[in-house]
Amino acid sequence: MISRASSPSPSDTPARALMRIPGADNALSHSPLRAAPAWRVTVAGERSKAARMLPPLPDLPIDPLPLQVLLPWLDLAGLAVFAASGALAAARKRLDFVGACFFALITATGGGTLRDLLIRAPVFWMQAPTPVLLCIGVALAAWAIPLKWWPERALDWLDGAGLAAYAVYGAGKALQYGISPVPAVAAGVITACLGGVIRDITAGVPSILLRHELYVTAALGAATLFVLLTTLGLPAPIPAMLGFLAGFALRGAAILWKITLPAHRGA
């Protein structure tokens with residue numbers, strides 16, 4: 001007498017349906033339809049879920065770990081010098097220490113805020129208190145120093161150091177979030193330049209972009225060199241160091257010798 005195999009329900013997998021057929025046990029043991037253990041399915045699902053939650057990394061021929069170790073230091077350096085430049089601008093306007101802290105914060109975080117919004121990253125100074133506390137501490141220290149102790153162009157030199165550091169850091173963070181090289185360079189330039197522009201506009205002085213000195217060009221050079229060397233596979237921290245030095249050298253030359261690009265001829 002031939003027994004009738006029960007018809008599979010819609011929820012049955014092919015392997016479970018096959019198990020209902022008499023004599024199919026041996027065939028199933030060698031079949032590719034053999035069901036995986038439940039714990040393997042669970043682990044694989046959790047891994048794929050975690051992978052979807054992580055931001056995509058760029059397809060670069062480098063190990064991203066040294067880059068992730070170095071970039072936070074560049075971020076702190078850029079924050080500190082930009083905060084100092086903002087506090088110094090406030091002191092020259094004879095503002096109180098609260099105004100100095102405000103100028104330090106908007107100068108140090110302005111460019112990075114726009115960068116994080118553009119690359120869809122969490123806004124960095126909203127995730128931890130360290131950036132805000134660093135800006136406040138630097139601002140209070142800079143405000144407490146008498147103006148006569150500051151060199152005449154101290155604001156420009158502090159701004160130049162922050163410009164170079166933030167150009168490299170902004171480009172590196174964009175690469176980490178899967179941005180392609182050319183937009184990553186643009187992200188570095190925005191990170192480096194926007195804070196100084198906000199500082200000058202808030203202080204009511206002509207923007208540094210209108211002084212006909214190498215400013216955006218220095219940020220562009222730093223970010224471009226960093227991204228180029230990174231995509232060529234140079235190990236960290238060489239691209240970051242060379243990018244920073246190139247940007248700071250360009251900005252320093254502009255400060256010392258008034259180097260400019262040819263201006264528009266007009267009508």
**Q** Side-chain heavy atoms nearer than 4.5 Å, only ILVMFWY residues, links allowed to pass through others: does that put V197 and V216 together?
**A** yes

**Q** Would you give the length of the straight line joining atom CD1 of I106 to atom CD1 of I201, rounded to the nearest 0.5 angstrom?
**A**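 Going from the CD1 atom of I106 to the CD1 atom of I201 covers 9.5 Å.
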
**Q** Under 3.5 Å, which donor-acceptor pairs do the side chains of residues 259-267 form with other protein atoms, sequence neighbours left out?
**A**
residue : atom : partner : partner atom : Å
H264    : ND1  : G266    : N            : 2.8

**Q** State which residues pass salt bridge (charged side-chain N to carboxylate O under 4.0 Å, His left out) with K258; sequence neighbours excluded, sorted by chain then number.
**A**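 Testing K258 for salt bridge (charged side-chain N to carboxylate O under 4.0 Å, His left out), a comparison that skips the adjacent residues, returns E213.
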
**Q** Return the CG to OG1 distance between L79 and T107, rounded to the nearest 0.5 Å.
**A** 11.0 Å

**Q** Identify the heavy atoms of P181 and T231 that sit nearest to each other, and give their distance.
**A**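 Residues P181 and T231, closest heavy atoms: CG-CG2, 4.0 Å.
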
**Q** Taking only residues at least two apart or on different chains, which pairs with a member in residues 88-111 satisfy salt bridge (Lys or Arg N to Asp or Glu O under 4.0 Å)?
**A**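 Listed by first then second residue: nothing to list.
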
**Q** Are L175 and I190 co-members of a hydrophobic cluster defined by side-chain heavy atoms under 4.5 Å apart?
**A**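 Result: no, two separate clusters.
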
**Q** Given the rule that I, L, V, M, F, W and Y join up when any side-chain heavy atoms are under 4.5 Å apart, are L220 and L209 in one cluster?
**A** yes

**Q** Which pair of heavy atoms, one from C193 and one from L163, lies closest together, and at what distance?
**A**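 That would be SG-CD1, 3.9 Å.
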
**Q** Treating Ile, Leu, Val, Met, Phe, Trp and Tyr as nodes and any side-chain heavy-atom pair under 4.5 angstrom as an edge, say whether L228 and I238 lie in one connected cluster.
**A**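 They do share one cluster, since a chain of ILVMFWY contacts under 4.5 Å joins L228 to I238.
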
**Q** Enumerate donor-acceptor pairs with a distance under 3.5 Å from any side-chain N or O in residues 115-127 to protein atoms, sequence neighbours excluded.
**A**
residue : atom : partner : partner atom : Å
D116    : OD1  : K173    : NZ           : 3.0
D116    : OD2  : F124    : N            : 2.9
D116    : OD2  : K173    : NZ           : 3.4
W125    : NE1  : T113    : OG1          : 2.8

**Q** May I ask you to test the F82-L158 pair for a side-chain heavy-atom distance under 4.5 Å?
**A**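 A side-chain contact under 4.5 Å is absent here.
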
**Q** Determine the minimum heavy-atom distance between G243 and A222, stating which atoms define it.
**A** O-CB, 3.2 Å

**Q** If Ile, Leu, Val, Met, Phe, Trp and Tyr residues are connected whenever their side-chain heavy atoms lie under 4.5 Å apart, and connections chain through other members, are V189 and V81 in the same group?
**A**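 No, no single cluster joins them.
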
**Q** Can you measure from OG1 (T230) to CG (L225) and round to the nearest 0.5 angstrom?
**A**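 It is 9.0 Å, given to the nearest 0.5 Å.
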
**Q** Which pairs of donor and acceptor atoms, one on a side chain in residues 129-154, lie under 3.5 Å apart (sequence neighbours left out)?
**A**
residue : atom : partner : partner atom : Å
W143    : NE1  : L95     : O            : 2.9
R153    : NE   : D156    : OD2          : 2.7
R153    : NH1  : I255    : O            : 3.0
R153    : NH2  : D156    : OD2          : 2.6

**Q** Looking only at non-hydrogen atoms, find the nearest pair between A164 and G247 and report the distance.
**A**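 Heavy atoms of A164 and G247 come nearest at CB-C, 4.0 Å.
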
**Q** Can you pull the side chain to side chain donor-acceptor pair (under 3.5 Å) pairs that have at least one residue in residues 196-208, sequence neighbours excluded?
**A** S85-R199, D159-R199

**Q** Of all heavy-atom pairs between A167 and A219, which one has the smallest distance, and what is that distance?
**A**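 Answer, listing the atom of A167 first, then A219: CB-O, 3.6 Å.
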
**Q** Going by heavy atoms in the side chains, are L256 and W157 under 4.5 Å from each other?
**A** yes

**Q** What are the two closest heavy atoms between T191 and A187, and how far apart are they?
**A**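 Smallest interatomic distance, heavy atoms only, reads OG1-O, 2.7 Å.
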
**Q** Decide if atom CZ of F102 counts as having more than 12 heavy atoms of other residues, nucleotides or ligands within a radius under 6.0 Å.
**A** no

